[in-house]
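These notes are about the structure you will find just below.
In this text the structure is predicted, and so the values were computed from the model without any measurement. Chain naming here is simple, since letters A, B, ... match the order of the sequence lines and numbering starts at 1 in each.
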2 protein chains.
Amino acid sequence: MSNKGPPVFQLFTEIAIINQLAQAGFASVLPKGMTIAQFTVLNHFVRLGHDQQSPAQLASAFQITRPTVTSTLARMEKAGLVAIRPDPEDGRAKLVSVTAAGVKMRELCLQRLAGPLADADAVLSRETLAQLLPLLQDVRAKLDRLRD
Amino acid sequence: MSNKGPPVFQLFTEIAIINQLAQAGFASVLPKGMTIAQFTVLNHFVRLGHDQQSPAQLASAFQITRPTVTSTLARMEKAGLVAIRPDPEDGRAKLVSVTAAGVKMRELCLQRLAGPLADADAVLSRETLAQLLPLLQDVRAKLDRLRD
DNA sequence: TCCTTATAGTTCGATATCGAATTAAAATCA
DNA sequence: TGATTTTAATTCGATATCGAACTATAAGGA
């Protein structure tokens with residue numbers, strides 16, 4: 001009675017567990033009040049060099065719904081991490097940008113994440129990583145295409 | 001400005017995205033009121049042939065905290081999917097078991113999940129799956145050991 | 001035995017997330 | 001132009017999740 005189901009089910013099970021472990025580990029080192037969701041937003045802006053994006057674009061980038069984005073951005077705005085203003089070219093939309101405090105917060109988060117990241121890197125062989133990444137990118141691309 | 005960070009960071013990013021896509025896809029086909037968390041509990045009991053387990057054991061099995069288990073089990077009990085009784089051998093503990101309705105619900109969920117699972121299976125090559133599974137199991141085991 | 005520590009479960013307050021419904025504005029089309 | 005449809009954002013209610021604090025019971029040690 002230990003049938004783990006079809007391989008594709010096992011795949012998602014393993015991914016869910018790894019995700020759970022990783023998220024928990026990372027969340028535990030973030031500065032008080034910061035969350036992975038909020039760090040992800042900050043990192044997205046800085047990493048990709050985006051000056052500003054709409055909530056809808058963020059929702060699309062992270063594959064989450066717009067209500068979720070509204071909720072997280074509201075908290076980030078209150079914390080002074082992002083600025084939100086109306087889009088002058090579209091009365092429905094808003095434009096989000098990261099504040100100086102947001103940039104600084106991202107850097108602090110990166111410092112804190114460095115430890116757990118190094119720990120994980122240390123136990124995972126370079127070879128495993130090199131094999132895994134392209135495979136996962138392929139899976140993600142295919143699942144993404146499926147979502148229509 | 002499109003540095004995705006170190007490979008190990010990219011790994012967790014890909015996993016988070018795939019997890020997000022998979023969870024969303026699966027959740028959308030579950031019967032009204034059912035959730036992945038609740039299905040996971042039902043599936044755990046039936047699949048492993050456990051007659052009964054304590055909330056603490058469930059928390060450990062799923063790598064979630066006890067408050068989370070309390071919360072989810074309370075809803076499942078109200079829905080009649082599980083039965084919860086005091087552990088006669090330990091005054092602190094409780095024993096959880098799946099009801100007949102719970103077993104039936106699990107089967108219904110499995111039917112509903114079959115579609116999305118087949119879709120995913122169809123786009124992922126057998127080869128990719130065969131390569132990925134052992135690698136991910138290895139990663140999971142190593143991260144699990146790290147969590148101490 | 002009595003005190004201390006560890007464990008099981010709960011309660012509380014917070015964040016992230018969703019689907020459904022709502023409002024407002026843009027885009028399409030007849 | 002005027003009506004319809006689409007899109008952006010929000011609000012609402014719900015679930016899952018966590019950490020911190022709490023209660024109760026069990027286990028260990030002096």
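Ring-centre distance between B:Phe12 and A:Phe26: below the 6.0 Å cut-off.
Considering only side-chain atoms of B:Ala37, the nucleotide from D:dA26, D:dT17, D:dA20 that sits closest is D:dT17. Side chain of B:Pro67, nearest nucleotide from D:dA16, D:dG19, C:dC18: D:dG19. The B:Gln20 side chain lies nearest to C:dT17 when the options are C:dG9, C:dG19, C:dT17. The listed nucleotides are C:dG9, D:dT17, D:dA26; the one nearest the side chain of B:Lys94 is C:dG9. Comparing atom distances between the A:Thr35 side chain and each of C:dA16, D:dA9, D:dT17 picks out C:dA16 as nearest. The A:Thr70 side chain lies nearest to D:dT11 when the options are C:dA16, D:dT15, D:dT11. The B:Arg92 side chain lies nearest to D:dA26 when the options are C:dG9, C:dT17, D:dA26. Nearest to the side-chain atoms of B:Ala56 among the listed nucleotides D:dA8, C:dG9, D:dA16 stands C:dG9.
Here the CD-CD1 distance, from B:Gln23 to A:Ile15, works out to 10.0 Å after rounding to the nearest 0.5 Å. Expressed to the nearest 0.5 Å, how far OG1 of A:Thr13 lies from CD1 of A:Ile18 amounts to 11.0 Å.
In this structure, the CG atom of A:Asn19 is 13 Å from the C1' atom of D:dT17, given to the nearest Å. We find that CE of A:Met34 is positioned 13 Å from C1' of C:dA16, with the value rounded to whole Å. Between the CD atom of B:Gln63 and the P atom of D:dA16 there is a distance of 18 Å, given to the nearest Å. In this structure, A:Leu73 places its CG atom 11 Å from P of C:dT17, rounding to the nearest Å. Rounded to an integer number of Å, the gap from A:Leu21 CG to D:dC18 C1' is 15 Å. Separating the CD atom of B:Glu89 from the P atom of D:dT25 is a distance of 17 Å, rounded to the nearest angstrom. A straight line from CZ of B:Phe39 to C1' of D:dA16 spans 17 Å, rounded to a whole angstrom. The interatomic distance linking A:Leu30 (CG) with D:dT17 (P) rounds to 19 Å, in whole Å.
Among the heavy atoms of the strands lying under 4.0 Å from A:Pro55 are primed sugar atoms or P, OP1, OP2 only; no base atom is included. As judged by a 4.0 angstrom heavy-atom cut-off over every strand, A:Ser54 is placed among residues touching the sugar-phosphate backbone only. Residue contacts for A:Asp87: at a heavy-atom cut-off of 4.0 Å it reaches no nucleic acid atom on any strand shown. Within the 4.0 angstrom heavy-atom criterion, no nucleotide atom of any strand lies near A:Gln23.
Remark: B:Arg75 is in phosphate contact with D:dT15, judged by side-chain N or O atoms under 4.0 Å from OP1 or OP2. A close approach under 4.0 Å does occur between a side-chain nitrogen or oxygen of B:Thr72 and OP1 or OP2 of D:dA16. For B:Ser71, no side-chain nitrogen or oxygen approaches OP1 or OP2 of D:dA16 to under 4.0 Å. Side-chain nitrogen and oxygen atoms of A:Gln38 include at least one within less than 4.0 Å of the OP1 or OP2 phosphate oxygen of C:dA16. Regarding contacts with the backbone of C:dG19, every side-chain N or O of B:Lys32 stays at 4.0 angstrom or more from both OP1 and OP2.
Along DNA chain C, the nucleotide nearest to A:Ile64 and the one nearest to B:Ile84 differ in position, and the one closer to the 5' end is contacted by B:Ile84. For B:Ala24 and B:Arg66, each mapped to the nucleotide of DNA chain C holding its nearest heavy atom, the one lying further toward the 5' end belongs to B:Arg66.
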Item to check | Working for side chain to side chain contact (heavy atoms under 4.5 Å, CB included), residues A:Val98 and A:Leu81 | outcome: CA-CA 6 Å; A:Val98 175; A:Leu81 301 173; over 6 Å; no
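Counted by atom type alone, B:His50 and B:Gln57 present zero donor-acceptor pairs between their side chains at under 3.5 Å.
Here the side chain of B:Ser71 pairs no donor or acceptor atom with the backbone of B:Pro67 at under 3.5 angstrom. In this structure a side-chain-to-backbone donor-acceptor pair under 3.5 Å is missing from A:Ser60 to A:Ala56.
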